[in-house]
Amino acid sequence: MRIFPTFLAFCTAATMSAASPEFWAFEWPNTDFETTSVESWVEVISGGPPKDGIPALDNPAFVTVADKTGLTPREPVITLEIAGETPRAYPIRYLTWHEIVNDVVGDMPVAVTFCPLCNSGITFDRRTANRTLSFGVSGKLRNSDMIMYDRETESWWQQATGEAIVGELTGADLISLPSWMESWETFASRNPEGLVMEEPAFNRNYGANPYVRYDSAYRPFLYSGEMPPHDIPALARVVRVGDRAWPLTRLAEAGTLSEAGVTLSWLAGQASALDSADISAGRDVGNVRVRDDAGNDLPHDVLFAFAFHAFWPEGMWMIGN
C-alpha cells in the first residue's frame, strides 16, 4: 500500500539522490540497464513497496452480475467489452490494491492496469511481436506513474504510455484496447449477463481508499516535473485520446463533445476512487465514453492533467474557445 507518512518524504529524498542505473541494478540483476530510453534517472524513484510488494493478479475468478455481492452502485469498475466475448468488469476496489490484472478474454491475453497516483486506467494486449508477456508491479514510479515490469525479460514499462523504457524490450509498445471506467450500476444495467471479477484471496481492505482526498491535493505525490499549462490544476482529470486531452470539467459541462474525429460523452453517477476513505462514497466524477464517427469505442484514458503533460509534453490541450 502506498501511503503518505512523513518518513516517506525522507526516503524519497534519499532515493532521488541515489537514482541511477547502477543503483537499481542491485535490486534488478536480470534487467538490462544498458538499454533504456530514460534520459533523466532522477525521474525514477521508489514508490515505497519493493518489487511485487503490490501483488499483480493472474487469471482472476469471475461471477455473473446477478451473483455478485458487495459492490455499491456508484463505485467504479474498468469495463472491457471484446467483440464475441462476455463483457467483463474489474472493480477499482481491487485494482487499487493490485494495480495490474493479467487475464485472458477469449483468446486474447490482456493486462488491466490502474495507477492510483495518476488515476490512469488502461487495458493492454499482452502480446508483442515475439512473445506474450505477463506483468508485475515494480514498485518504481516515473513522473508519479507506475512502472510495470514483464516477468519474461524484466524490462520496465511505463503504465501511462504502454512503452518499454528499460531493458531488452526498450522501445516496444503495447497495444491499448478500448476499455473505460464507469459505475458498477452502469455496467450491470447494460450487461445483465456480464461477468465481474471476484474478490481476490488477499488480506486487503477492499473498498477502502488509501489515498484519501488525493484528487483534491494541490500537487501530485512524488512528482517534481512541470505543472500543466492553461492554469489547469495538476490533479484535474482530463480525457486523453492519443496525444490530445479534454478537461473533464469542459466535457461534463457540455455533456457531449465531437471534435478531432471523436465523440466524447459524460453522464453523472460514478464515484471518484481517490476522494473519500470509502471508495463508494467519493464525489461524482461521472462516466465517460469515447467513440469514433462510426460509434465504435476507442482506447482512451481519464488521468490527471500533470501526468498528461509529463508524458505528452507536446500534446494538444482541447480547451475550447
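Side chains included, hydrogens not; waters and symmetry mates left out as well; all remaining heavy atoms used.
Considering only residues two or more places apart in sequence or on other chains, Thr170 meets the side-chain contact (heavy atoms from CB on, under 4.5 Å) condition with Thr35, Ser37.
Here the straight-line distance linking atom CG of Asp107 with atom CD1 of Ile82 works out to 9.0 Å at 0.5 Å rounding. Here Leu169 contributes atom CG and Trp156 contributes atom CH2; the two are 14.5 Å apart, rounded to the nearest 0.5 Å. To the nearest 0.5 angstrom, Thr86 atom OG1 is 5.0 Å from Leu195 atom CG.
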Result block: side-chain N/O donor-acceptor pairs under 3.5 angstrom for residues 236-247, not counting sequence neighbours:
unit_1	atom_1	unit_2	atom_2	d
Arg237	NH1	Asp215	OD2	3.0
Arg237	NH2	Asp215	OD2	3.1
Arg237	NH2	Ser272	OG	3.0
Arg240	NH1	Gly242	O	2.8
Trp246	NE1	Glu259	OE1	2.7

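Between Pro109 and Arg127 there is a side-chain heavy-atom pair separated by less than 4.5 Å. Side-chain contact between Ser134 and Arg126 is present, with at least one heavy-atom pair separated by less than 4.5 Å. Using a 4.5 Å heavy-atom cutoff, the side chains of Arg74 and Asp284 are in contact. The shortest distance between side-chain heavy atoms of Glu34 and Glu168 does not fall below 4.5 Å.
Every pair passing ring pair (Phe, Tyr, Trp, His ring centres under 6.0 Å) that includes a residue from residues 132-154 is listed here, sequence neighbours excluded: Trp28-Tyr149, Phe135-Trp157.
Using a 4.0 Å cut-off between charged nitrogen and carboxylate oxygen, Glu198 and Lys68 count as a salt-bridge pair.
Residue His309 forms a side-chain hydrogen bond (donor to acceptor under 3.5 Å, both in side chains) with just one option from Glu314, His230, Glu226, and that option is Glu226.
No donor-acceptor pair closer than 3.5 Å links the side chain of Ser179 to the backbone N or O of Leu80.
Taking the six-membered ring where tryptophan is involved, the planes of Phe308 and Trp312 are essentially parallel, since the angle between them stays under 30° and well short of 60°.
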